[in-house]
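This report refers to the structure that appears directly beneath it.
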Amino acid sequence: MSDNSPEERWLDEDAGPIVPAYLLTRGRTVPASEAIDLIAVIITSGGLTTPRGLDPEHLIILQKCTQPTRLVDVAAELNLPIGVIRVLVGDLHARQLVQVEHPPPRPTRRCCSR
C-alpha cells in the first residue's frame, strides 16, 4: 500500500524542478531598457553566434523570435507571466540582441457636438 502523504500525491518527478518566476528575473519587475507594450513585435537582431552569460530563458526567446513575434505570443509559448517576459526581453534589448517594434499610437477619438 502506498503512502498517501500530501508530498507523494503532489510530487511529479517527471515535471522537473519548479522555479518561481521572480527567480528568472532576479526579483526585477521592470525591463532594463524601456517599457514594452503587450503587442510589441520582437525579432532577434543578432548574428548566428550565441552570446555568453545568458540564462536558458533568454536563449529560448532568441530562438523563438527569429521571425517577428508579438511579446504576448512569446509569453504564451513559454507559459510564463507577461511581466517576466517583459523583463527578459528588456535584458535582450539592452544588449542589442533583439529589436522591439512598438505598435503605432492609437488615434485619439474626438467627440463632435452638433
**OP:** Compare every heavy atom of His93 with every heavy atom of Val100, then report the nearest pair and how far apart it is.
**Re:** CG2-CD2, 3.5 Å
Original post:
Counting N and O atoms only, with roles assigned by atom type, does the side chain of Ser45 sit under 3.5 Å from a partner on the main chain of Leu97, one being a donor and the other an acceptor?
Top reply: yes
Original post:
Residues in side chain to side chain contact (heavy atoms under 4.5 Å, CB included) with Val41, at least two apart?
Top reply: Pro68, Arg70, Glu101
Original post:
Can you tell me how far the CG atom of Asp73 sits from the CD1 atom of Ile39, to the nearest 0.5 Å?
Top reply: 10.5 Å
**OP:** Could I get the full list of salt bridge (charged side-chain N to carboxylate O under 4.0 Å, His left out) partners for Glu77, not counting sequence neighbours?
**Re:** Lys64
Subject >> Side-chain (Asp55) to main-chain (Glu57) donor-acceptor, under 3.5 angstrom >> reply: no
Original post:
Between Ile36 and His102, which heavy-atom pair has the shortest distance, and what is it?
Top reply: CA-CE1, 4.1 Å
**OP:** Would you check if Ile43 and Thr66 make a side-chain contact, meaning some heavy-atom pair closer than 4.5 Å?
**Re:** no
Original post:
With no hydrogens and no angle check, is any side-chain donor or acceptor of Thr44 less than 3.5 Å from a backbone partner on Cys65?
Top reply: yes
**OP:** Assess whether side chain to side chain contact (heavy atoms under 4.5 Å, CB included) is satisfied between Ile42 and Gln99, documenting all intermediate values.
**Re:** CA-CA 6 Å; Ile42 313 302; Gln99 296 173 8; over 6 Å; no
Original post:
Do Leu54 and Leu62 come within less than 4.5 Å of each other through their side chains, counting heavy atoms only?
Top reply: yes
Original post:
If every non-hydrogen atom of Pro103 is compared with every non-hydrogen atom of Ala40, which pair is closest and at what distance?
Top reply: CD-CA, 4.0 Å
Original post:
Between Ile82 and Val72, which heavy-atom pair has the shortest distance, and what is it?
Top reply: CD1-CA, 3.9 Å
Original post:
Does any non-hydrogen side-chain atom of Arg86 lie less than 4.5 Å from one of Leu71?
Top reply: yes
